[in-house]
Amino acid sequence: NIPVVTGGSSLFVYGSGRTYELFYLDTDFTLLRVVRWDGWNGPITEDEIEAVRAALRKVYEEADARTSQALEAAMLAPNLIPEERPALGRVLADNQDRVWLSSFTPTFLDASTDWHVLDPEGEPLARIELPDGAVLLAVRDSMLALLIRDELDVPSIQVFEVVTTGGAP
């Protein structure tokens, strides 16, 4: 599991990433609140393991077969695969101290395009679905900076405005 941490304009948020548990701190690192939700983590499925295995094969297709098999065996050794999927992938805070959360996605797969937005008190505000393959880099006000790759895998940074129907984010 990779710990998650982010800083907003007047708070820091961190967690283990293993469970959906976030600790909100003020700028003096005094604990303000703890936010917990159930249900984001679950068992790692064979489909997820196979997806990582396929992505590894693609990455190492240039290597000879023996090297590729050795790397795959080492990276997907049963003792390295946790029983439960971590709950959190990435956490970002924006300039309004809203916290943006994505669910965990294995490293070799595309980043999660499904984000949840919490207000500064930790209450749910919105769910945002990014375009396929987009990676959220930063949020400011209602503007999202996304990494987008074209059909030739050339990256570009594009800025999008979040259009709401309710009032948040």
Side-chain angles (χ1 to χ4, degrees), residues 1-45 48-49 51-52 55 59 75 80-150 153-169:
N1 295 331
I2 298 174
V4 295
V5 65
T6 189
S9 63
S10 65
L11 58 77
F12 294 94
V13 178
Y14 76 93
S16 72
R18 185 179 62 79
T19 61
Y20 191 115
E21 180 177 60
L22 297 172
F23 298 88
Y24 284 59
L25 309 172
D26 66 15
T27 54
D28 294 325
F29 294 99
T30 302
L31 182 64
L32 298 171
R33 72 192 64 79
V34 178
V35 175
R36 293 181 182 99
W37 283 359
D38 290 329
W40 272 37
N41 50 338
I44 299 252
T45 66
E48 289 173 304
I49 294 170
V52 171
V59 168
M75 294 183 78
L80 295 179
I81 300 172
E83 289 185 23
E84 283 199 340
R85 179 186 328 101
L88 299 174
R90 294 185 53 223
V91 176
L92 296 172
D94 65 21
N95 61 312
Q96 297 177 22
D97 289 336
R98 295 174 301 202
V99 177
W100 295 65
L101 309 161
S102 71
S103 58
F104 174 80
T105 304
T107 305
F108 288 97
L109 304 179
D110 289 334
S112 176
T113 58
D114 190 27
W115 287 78
H116 294 259
V117 185
L118 306 179
D119 72 12
E121 302 301 313
E123 295 296 320
L125 280 177
R127 181 176 165 261
I128 307 286
E129 183 72 26
L130 302 179
D132 284 344
V135 177
L136 181 59
L137 300 175
V139 182
R140 182 156 187 89
D141 298 320
S142 63
M143 306 303 283
L144 306 180
L146 304 179
L147 173 71
I148 306 283
R149 293 184 179 274
D150 67 14
D153 206 30
V154 175
S156 66
I157 306 294
Q158 297 181 22
V159 177
F160 292 86
E161 184 170 10
V162 176
V163 178
T164 63
T165 57

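All residue numbers refer to positions in the sequence shown, counting from 1.
- How far CZ of Arg90 is from CG of Leu101: 11.0 Å, rounded to the nearest 0.5 Å.
- Put simply, CG on Leu32 and CZ on Phe12 are 11.0 Å apart, with the number rounded to the nearest 0.5 Å.
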Please output the side-chain donor-acceptor pairs of residues 22-31 that fall under 3.5 Å, not counting sequence neighbours, one pair per line with the distance.
unit_1	atom_1	unit_2	atom_2	d
Asp26	OD1	Asp28	N	2.9
Asp26	OD1	Phe29	N	3.1
Asp26	OD1	Thr30	N	2.9

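- Taking the six-membered ring where tryptophan is involved, the planes of Trp37 and His116 are perpendicular, since the angle between them exceeds 60° and thus also 30°.
- Around atom CG of Asp150, more than 12 heavy atoms belonging to other residues, nucleotides or ligands sit under 6.0 Å away.
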Residue pair Leu136, Leu146: steps toward the side-chain contact (heavy atoms from CB on, under 4.5 Å) verdict: CA-CA 5 Å; Leu136 181 59; Leu146 304 179; 3.6 Å; yes
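- Glu121 is linked by a salt bridge (charged side-chain N to carboxylate O under 4.0 Å, His left out) to Arg33, counting only residues two or more places apart in sequence or in another chain.
- Nearest heavy-atom pair, Glu48 versus Pro43, reported as atom, atom and distance to 0.1 Å: OE1-O, 3.9 Å.
- Distance check, rounded to the nearest 0.5 Å: OG of Ser103 to CG of Leu88 gives 8.5 Å.
- Across all their heavy atoms, Val91 and Val99 have their closest contact at CG1-CG1, 3.6 Å.
- Using a distance-only test at 3.5 Å, with no hydrogens or angles considered, no donor-acceptor pair links the side chain of Asp94 to the main chain of Val139.
- To the nearest 0.5 Å, atom CZ of residue Arg98 and atom CG of residue Leu118 are 11.0 Å apart.
- Here the side chain of Ser9 pairs a donor or acceptor atom with the backbone of Asn95 at under 3.5 angstrom.
- Listed by chain and residue number, Arg127 satisfy the salt bridge (charged side-chain N to carboxylate O under 4.0 Å, His left out) test with Glu129 (two or more places apart in sequence, or in another chain).
- Counting only distance, with no hydrogens or angles, the side chain of Ser142 and the backbone of Glu161 share no donor-acceptor pair below 3.5 Å.
- Separating the CG atom in Leu147 from the CG atom in Leu137 is a distance of 5.5 Å, to the nearest 0.5 Å.
- For the atom pair Phe160 CZ and Ile148 CD1, the distance stands at 5.0 Å (nearest 0.5 Å).
- Between Ala93 and Thr6, the closest heavy-atom pair is N-OG1, 2.8 Å.
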